[in-house]
Each structure stands twice: as C-alpha cells, then as structure tokens.
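The structure appears below as structure tokens.
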Amino acid sequence: MRPELLQTFDELVACYPEGKEKSAILPILHLVQKENDGYLSVAVMDEVAAYLKIQPIEVYEVATFYTMFKLKPTGKYVLEVCQTGPCCLVGADGIIAHLQNTLGIGMNETSADGLFTLRGVECLAACGTAPVMQVGDYYCENLTPATTDALLTEMRDGTFFARMERENGD
Amino acid sequence: MGIKILLQDLDQDIFSIEGYRAKGGYESVRKAFSMPQDDIIEEVKKSGLRGRGGASFPTGLKWSFLDRKSGKPRYYVCNADESEPGTFKDRFLMEKIPHRLIEGMIVSSYALGAHKSYIYIRGELMWIANRLKRAIAEAYRDGFLGQNILGSGYDLDLYVHPGAGAYICGEETALLESLEGKRGNPRMKPPFSATVGLYGCPTVVNNVESIASIPWIVMNGGDAYAQIGIGKSTGTKLISACGHINNPGTYEIDLGMTVEEFIYSDAYCGGIKDGKELKAVIPGGSSVPILPKSLILKTAAGEPRLMTYESLMEGGFETGSMLGSGGFIVMDETTCIVRNTWNFARFYHHESCGQCSPCREGTGWIEKVLHRIEHGHGQSKDIDLIVDIARKMEGKTICSFGDAAGWPVASAVRHFRDEFEAHVNQKGCPFSC
Ligand SMILES: Cc1cc2nc3c(=O)[nH]c(=O)nc-3n(C[C@H](O)[C@H](O)[C@H](O)COP(=O)(O)O)c2cc1C
Ligand code: SF4
Ligand code: FES
C-alpha cells in the first residue's frame, strides 16, 4: 500500500484507545475500497489484516457483513437506488425501471462499457426527498426520469464527482 | 407554532461555528462546567426527556445507571446510525446544525465523566460525517474540545466513526460491537452497556436528537423543558414526514399537537398530495404498527389522537401504535397495503443479523408468504400463517429487532385483512401493482 495511505491508517487508529486498533477496521476498509477501484479483493483484505495485526478471517468477517463493502469489481459508478417502502410510495420502482431500460442492465449487473453498476439498497434516511440513489459518497435526491438522465450524462462526461465535491465542500 | 429547541435559528447561518456561537451556541458548555456533574444529571431527569432513538427510555434515568465506581474509563457514544425506514431527522439536524450535536456531546460527556466520545454515523452519510469532522475541528480550534477545555481541567476528545451499511447497527449493543471493529451482532443483555459497554467499560449510548436537546436543558433548566408538551411526553420532537403528503420534511413539534393538525396543516405535512384521501399512517418508523385513517386521527374511544408517546399507544396493539423514532409515513387511498407490508418484510429479512433462528427464519418466511399473496398465489390460510410466524418471533430473540419485524405485519393484517383476502380471492393485486 502507498505510504501516504499507511499514514492515514495510523491517524485513524489513533482515534481509539491503545490496544483497540481493530476499531479502525471500518474506516480503513472504506479507504482501501476507494483506492482499490471500488472493491475489496482478498489481497487487500490480507494487507489490512497484517497492518492491524489481526487474522485475515477477522477482516473477511467484517467485510462480508456490511453492505457498503463490495467483494467483486464494479462499474465506475455504482448506482445504489433505495428500494424500501417509503421510497416506493413515491416512485422508486419507476426510477429503477427507468435505469434498467436506459442502461440495458438488470439489478446487480454492470453495463458493457464498465461505467455503471445498478444495485438496490435499503432506506438511506432520505425518505422525504425520495426517490433517492447513492453514488459514491453522495446522494442524488428527488429523482425523476429527466433528472436521472441528466445525472447519467454528467457521469458519462466525468464531471459528476467534481460537482458533488464542490457542492459539499469536500 | 411552538418553541424551537433543536431547529432554532435554522433560517440563519448557524452552520459555521462563528454563526452558531453568535446565536448563543456553546454557552451551555461554560454553564455546565460551573455545575457539579450530578446537578446536570438531575436537570436532565427533571426535564423528562425520553430517548429519541425509538425506545423512549428516560434519558436522565439512563445516565444515572452508568457505573461510575468501576475505576474503568467511561464512554459516551452518539447513535447516528439512523436507518429505520421513514426516519431522516437526525440526518437533517447533523447536516444543517452540526454544532448543536457537538455541543450536546461535550456537555453530556462532561456530565458522565467520559474523556473519549464517539459519533457512530451510518456509512452512507459520508458527506455528513465529513461535515461533522470539519465542525469538530472548528470546536477544537475554539477551545471547546481537547485538553483543559475553557480552563476547566476537563479533557475530551470527540471522534466520528462511520458504519458501513447495516440497519442492525442502530441497535445499541450491535453498534458497540461494530465500533469495536466486529460484525454488528447484538449482545445478550444483561449485562447492560451502563456497566459493560464499549471495550467492556461503562458506556452510555444516546440518539442524536436526545443529545442535541441537552444544551437547551442545561441553559434553561429541566423544569422549563418539562413545561413543554403533555404529561410524560415532554419537550419538542423532530418528526420526519414522508409519503403521500404535500410537504415532506423534518419538523420540530411540541409534543401534544393533534395528529390531524400535523397531517393537514400547511405548516407541517400540508395534507394529502393531489387531493387524495388519507388511507393509513405508520407514525414512528417502519417498526411500529400501521393505523388506518379512522384510528390515526382518533383513538378507538373517539378521542383526538395526539402526537405524544401515550396517545399514540392508546389502545395498545389492538388499536394503537407508537411514536417510535418519529418517522411519519403517510399513505393515500391508492396504496396497496399488501405490497407495502411485503416490501418491509423484505427489508427485515435482508437486515436480520441472523443470530437467532426465530428472527432469521421467521423474517424470510414472512417475506416469502407475503410475496406469494401479493402476486396472486396466496391461500386464505397464508394470512393467518404470517400473523402466527410474527407472533412466534415476538419476545424470543436476543434483540427487539425480532418484535419490530413482526409488528408491521400483524398490524397490517389486523386493520386491512379485507385487502389481504382480496389478493387471495382475485388471485392478484387489486391495485394492479
Ligand atoms: C433494530 C433496532 C434498530 C435501532 N436503530 C436505531 C437507530 O438507527 N438510531 C437510534 O438512535 N436508535 C436506534 N435503536 C435504539 C437503540 O438501541 C438505543 O435505544 C438508542 O440508541 C438509545 O438512545 P436514546 O435513549 O437517546 O434514544 C434501534 C434499536 C433496535 C432494536
Ligand atoms: S433478533 Fe434478529 S437482529 Fe436481533 S439479534 Fe436476533 S437475529 Fe439478530
Ligand atoms: S425509504 Fe428510501 S430513503 Fe428511506
């Protein structure tokens, strides 16, 4: 792993009491996943285990429990649309169908150009601004077929994350 | 409109620490340091504040259970996992007024004698976690965090810890497991977190909204807080309203307003969208019983239903519900209750941690049978079957997820049995969904 990344790991571990380094596993896996093209391979999980001085199985156990961790390669943009009750009351099903038709893929599939993966996720605490999808660290809310198309265009143009970062001050 | 305690000054720039302090922000830290810790706990007890995470346990009482004699470090943890479908109030507060939570964390940590405190925020809200981190850095810069805060001799470090996608991590002990770097499996209780919590040390876990209420209580006193609201439902409550209404959003209400006003007033939900009729409401997040229009507006005894813990529970499981987390889900006349119930059943099946067989197997079974009914392959006896499964999960599991997963199903059948039967008889969904 890159030395800068290891330094960030050290900073994360310092948030917890001595001897409780394992607590940093979720923040570390989030970082590693981002660095590793959006998924956790066995090789990188083993590196995390070595860094935290724990058994690899302890990392696998955690990585498989939490839905935000992907264990297989994904498209460049993972579109995670909320499919829980409140969102469905106001049209989440329609947005999912629209994405499937537009991208020509089903749930948990990746478009042939490798750009998009479509997933259904559970309530994102955005039921008042539904329908909603998460893309990377950000939420796209109040989706309509038209705004969804505009977002896809931004993603194809490669300007999406830059705008999100700017708007969120990240 | 009532007093604002949590969303006060929302129309001003109180996002930055400068703006927040200009409106009196962080004054409660100074005041708390002038009070003995026990007096702060006493004021919180007097306030009658009840946990806003859903279980509504009195906050002051919870604080007084903390083991302060063990000689071990004590921890204070904020539950910002907010994943209960229909609930998005904590997120709103953290997004708009991060300093209100941070101020509450400092005062509460001081009262409980914690020197390391954590905000466990669901991982999906990464951009809000980043906002909180920047706000925390501002608070360190202004001397409200770190060593010898404001010359008081009190030290506190505050950290933000992201989860990674798991509804169950909102359950207090699952959250602590997760914070320790493990899978989010709820722990057997007892022992309770007050004696054996984070890293085996005495710990208090509180919800974002509970914590954000503390500064006001310290500044104005527990009695002043207790004067707002009705009976044992004191203070203000954030309600996140969604579904078929004109104004979805997060509202701060005085506990005690009528449900009717909350639904139909333009200051709140603004009535049902597109001029349709109200059909049903789930008033406290997906885990509480659903009520049809007739029972959400009035109790079975014909009294107006109020937005209080007691009034929403009036009638028990037969004809009542719960205030829960304040996730207020409104459904109009076009809603298919069977489909909606199936959707929640699917959610609970997906989110069960799998430790207890009744919950792991029961949620899967309910989902399957409901799917069958919704798609026209159900039989009459399936309707009783799902109620039976729900009842067999209740009270037989390590955490209350098992109960929470069954209540929506049992109540949907109780109040909308004819709709389930119509699906069976017509061999399909009458709402053509
Ligand atoms: C399945 C389940 C999920 C829960 N999810 C949350 C949650 O997302 N946020 C929360 O504050 N409390 C949640 N709780 C309640 C917590 O266990 C705990 O009671 C709460 O954090 C205590 O804080 P309070 O007393 O301030 O409400 C959940 C409980 C259960 C059983
Ligand atoms: S009740 Fe369900 S969620 Fe809770 S511990 Fe048991 S299996 Fe896990
Ligand atoms: S149900 Fe989709 S964000 Fe809550």
Side-chain angles (χ1 to χ4, degrees), chain A residues 12 14-17 19-31 33-34 52 54 58-59 61-69 80 82-90 92-93 120-130 132 134 136-139 141-142 164-165 167-170, chain B residues 73 82-88 90-92 116 118 122-127 130-131 134 157 159-167 169 178-185 199 240-244 248-250 273 282 286 327 329-332 335 339-341 343-344 346-347 350-351 353 433:
Chain A
L12 289 171
C15 297
Y16 308 94
K20 306 298 178 193
E21 291 76 16
K22 190 178 170 184
S23 277
I25 193 166
L26 295 184
I28 286 180
L29 288 177
H30 276 300
L31 262 183
Q33 174 162 285
K34 225 183 227 173
L52 288 173
I54 57 180
E58 295 178 73
V59 181
E61 259 180 3
V62 166
T64 52
F65 186 83
Y66 298 92
T67 53
M68 288 180 76
F69 296 132
E80 302 187 290
C82 174
Q83 58 182 1
T84 314
C87 272
C88 289
L89 289 177
V90 292
D93 292 331
V121 293
E122 304 304 337
C123 182
L124 291 169
C127 335
T129 42
V132 53
Q134 173 164 24
D137 284 352
Y138 303 103
Y139 280 14
E141 295 167 273
N142 293 309
M164 282 309 209
E165 282 164 21
E167 285 177 5
N168 285 279
D170 287 347
Chain B
E82 192 166 65
S83 312
E84 170 92 355
T87 317
F88 46 95
D90 296 338
R91 167 221 162 154
F92 184 77
K116 265 190 198 301
Y118 295 93
R122 61 179 298 181
E124 292 90 340
L125 298 177
M126 203 55 94
W127 87 98
N130 291 335
R131 283 184 185 193
R134 288 192 290 263
D157 284 311
Y159 304 99
V160 177
H161 179 102
Y167 166 66
C169 288
S178 180
L179 187 46
E180 291 182 5
K182 301 182 224 156
R183 296 166 77 95
N185 287 339
Y199 309 128
S240 58
C242 67
H244 299 132
T250 299
K273 220 158 80 179
I282 302 175
S286 64
I329 310 168
V330 181
M331 290 166 243
D332 73 15
T335 311
R339 185 173 183 81
N340 196 63
T341 311
N343 187 306
F344 285 133
R346 185 195 51 75
F347 169 82
H350 181 258
E351 299 297 331
C353 85
C433 47

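In what follows, chains carry the letters A, B, and so on, assigned in the order in which the sequence lines appear, proteins first and then strands, with residues in each chain numbered from 1. Keep in mind that the numbers below use all heavy atoms, side chains included, and drop hydrogens, waters and symmetry copies.
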In terms of heavy-atom proximity below 4.5 Å to chain B, should [X] be classed as side chain, backbone, both, or neither?
X     : value
A:E58 : neither
A:L89 : both
A:E61 : both
A:C15 : both

I'd like to know which of [options] tops the heavy-atom pair count under 4.5 Å against chain A.
options                        : answer
B:H244, B:K273, B:M331, B:R122 : B:R122
B:E84, B:R346, B:K182          : B:R346
B:C353, B:A241, B:G163         : B:G163
B:P73, B:G184, B:S286          : B:G184

Checking [X] side chain against [Y] main chain: does a donor-acceptor pair fall under 3.5 Å?
X      : Y      : result
A:E21  : A:G19  : yes
A:E122 : A:L124 : no
A:D137 : A:E165 : no

A:Y16-B:H161 side chain donor-acceptor pair, cut-off 3.5 Å: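 Yes, B:H161 and A:Y16 have a side-chain donor paired with an acceptor closer than 3.5 Å.
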Distance-only polar pair, side chains of A:T129 and A:Y139, donor-acceptor under 3.5 Å: no
Hey, are the side chains of [X] and [Y] touching, using non-hydrogen atoms and a 4.5 Å cut-off?
X      : Y      : value
A:Q33  : A:L29  : no
A:T84  : B:F344 : yes
B:E124 : B:E82  : no

With rounding to the nearest 0.5 angstrom, report the [atom1] to [atom2] distance, [X] to [Y].
X      : Y      : atom1 : atom2 : value
A:L26  : A:L12  : CG    : CG    : 11.0 Å
B:R91  : A:C127 : CZ    : SG    : 9.0 Å
B:Y199 : A:K22  : OH    : NZ    : 11.5 Å

Selection from A:I25, A:V121, A:D170 maximising heavy-atom pairs under 4.5 Å formed with chain B: A:D170
When A:C87, A:C82, A:G128 are compared by non-hydrogen pairs under 4.5 Å with chain B, the top option: A:G128
Below 4.5 Å from any heavy atom of chain A, which atoms of [X] appear? Answer side chain, backbone, both or neither.
X      : value
B:E351 : side chain
B:S240 : neither
B:R183 : both
B:I329 : side chain
B:Y167 : neither
B:K116 : side chain
B:T250 : neither
B:N340 : side chain

